[in-house]
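Everything below concerns the one structure shown next.
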Amino acid sequence: PVSIELTFDESVRLDTVDAGDLLLDNGATVTGVEVVDRDTVRFLLNVPVTEATFTYTLAADAISDLQRQGNDAFAGTFVLDLSGPRVVAHAPDAPTAAPFDTITFTFSEAIAPGSVGVADVTSFTGPGGVDLLSAVTSAVASGDQVTVMFAPQVVAGTYTMTIGPD
């Protein structure tokens with residue numbers, strides 16, 4: 001992320017808001033602070049490009065309200081995930097009865113539902129190298145699975161499907 005917004009339960013005193021109020025670990029730093037509105041502060045960040053879980057903390061009494069009462073301590077985390085998902089299983093993964101019309105891929109992490117479509121199936125071949133790409137009818141993501149549906153296949157043999165990487 002490029003910023004973290006903190007919303008307080010009441011208005012804050014602007015003269016008590018400082019970039020140094022929010023502390024981060026793993027080499028991340030606060031480069032500035034913006035007041036969004038009377039009770040929301042945005043801390044601008046510089047986060048190293050490294051896969052990690054980052055923790056941020058706002059110490060107790062770092063920021064005051066209009067009655068000069070300090071905030072409660074607060075902490076949170078965010079994850080910078082630089083590795084893309086990878087297929088860890090698929091079904092069917094052994095001989096299956098004909099006809100079959102679905103292959104479900106299980107990934108190492110959740111897949112955004114709107115990020116998958118038929119265009120992500122880059123090749124689909126059947127026994128003898130027959131091109132079946134035009135038989136693909138849909139590709140749907142749910143959680144860590146992507147299910148690809150296609151016209152029913154009845155010919156015995158090896159089928160190969162390639163998906164991704166986008």
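Along the sequence shown, residues are numbered consecutively beginning with 1. Note that these values count all heavy atoms, side chains included, but never hydrogens, waters or copies made by symmetry. These numbers were taken from a predicted model, which means no experiment stands behind them.
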**Asked** Do the side chains of Val88 and Ile111 join up, straight or via other hydrophobic residues, at under 4.5 Å, putting them in one cluster?
**Response** no

**Asked** Can you list the residues that meet the side-chain contact (heavy atoms from CB on, under 4.5 Å) rule with Thr96, with sequence neighbours excluded?
**Response** Pro92, Phe100

**Prompt:** Is Thr122 reaching over with its side chain to a backbone N or O of Thr162, donor-acceptor style, under 3.5 angstrom?
**Reply:** yes

**Request:** Give me the other members of the hydrophobic cluster that Leu23 sits in, counting Ile, Leu, Val, Met, Phe, Trp and Tyr linked by side-chain heavy atoms under 4.5 Å, directly or via other members.
**Result:** none

**Message:** List the residues meeting side-chain contact (heavy atoms from CB on, under 4.5 Å) with Ser142, not counting sequence neighbours, and say none if there are none.
**Reply:** none

**Fill in**
Applied to residues 44-54, the salt bridge (charged side-chain N to carboxylate O under 4.0 Å, His left out) test, sequence neighbours excluded, yields none

**Prompt:** Mind checking what makes salt bridge (charged side-chain N to carboxylate O under 4.0 Å, His left out) contact with Asp15, not counting sequence neighbours?
**Reply:** Arg13

**Asked** Given the rule that I, L, V, M, F, W and Y join up when any side-chain heavy atoms are under 4.5 Å apart, are Val155 and Leu132 in one cluster?
**Response** yes

**Request:** Identify, with sequence neighbours excluded, every residue that meets salt bridge (charged side-chain N to carboxylate O under 4.0 Å, His left out) alongside Glu10.
**Result:** none

**Prompt:** With the 4.5 Å side-chain cut-off for hydrophobic clustering, are Leu44 and Phe54 part of the same group?
**Reply:** no

**Asked** Which residues, ordered by chain and number, are linked to Val140 in its hydrophobic cluster, where ILVMFWY side chains connect at heavy-atom gaps below 4.5 Å, directly or through other members?
**Response** Met149

With a cut-off of 3.5 Å and sequence neighbours excluded, list every side-chain donor-acceptor pair involving residues 67-79.
residue	atom	partner	partner atom	Å
Asn71	OD1	Ala62	N	2.9
Asn71	OD1	Ile63	N	2.7
Asn71	ND2	Ala59	O	3.1

**Complete:** In short, ring pair (Phe, Tyr, Trp, His ring centres under 6.0 Å) pairs touching residues 105-138 with sequence neighbours left out are Phe124-Phe150

**Item:** Donor-acceptor contact below 3.5 Å, side chain Asn26 vs main chain Thr55
**Value:** no

**Asked** Any sub-3.5 Å donor-acceptor pair from Asn46's side-chain atoms to Thr31's backbone N or O?
**Response** no

**Request:** Could you list the residues that satisfy side-chain contact (heavy atoms from CB on, under 4.5 Å) with Asp61, not counting sequence neighbours?
**Result:** none

**Prompt:** What pairs meet the salt bridge (charged side-chain N to carboxylate O under 4.0 Å, His left out) rule with one or both residues in residues 29-46, with sequence neighbours excluded?
**Reply:** Glu5-Arg42, Glu34-Arg42

**Path from Val116 to Leu133 over hydrophobic side-chain contacts below 4.5 Å** = yes

**Request:** Could you list the residues that satisfy side-chain contact (heavy atoms from CB on, under 4.5 Å) with Ala89, not counting sequence neighbours?
**Result:** Thr106

**Asked** Picking from Ile103, Val146, Val136, what satisfies side-chain contact (heavy atoms from CB on, under 4.5 Å) with Val121?
**Response** Val136

**Asked** Can you find a pair of side-chain heavy atoms, one from Leu22 and one from Leu6, that are under 4.5 Å apart?
**Response** yes

**Request:** Please confirm whether the backbone N or O of Ser64 pairs with a side-chain atom of Thr16, one donor and one acceptor, at under 3.5 Å?
**Result:** yes

**Asked** Hey, does the side chain of Ser108 reach the backbone of Arg86 with a donor-acceptor pair shorter than 3.5 angstrom?
**Response** yes

**Request:** Kindly work out whether a path of hydrophobic side-chain contacts (I/L/V/M/F/W/Y, heavy atoms less than 4.5 Å apart) joins Val36 to Phe43.
**Result:** no

**Complete:** Closest non-hydrogen contact found for Glu109 with Ser83 is OE1-O, 3.6 Å

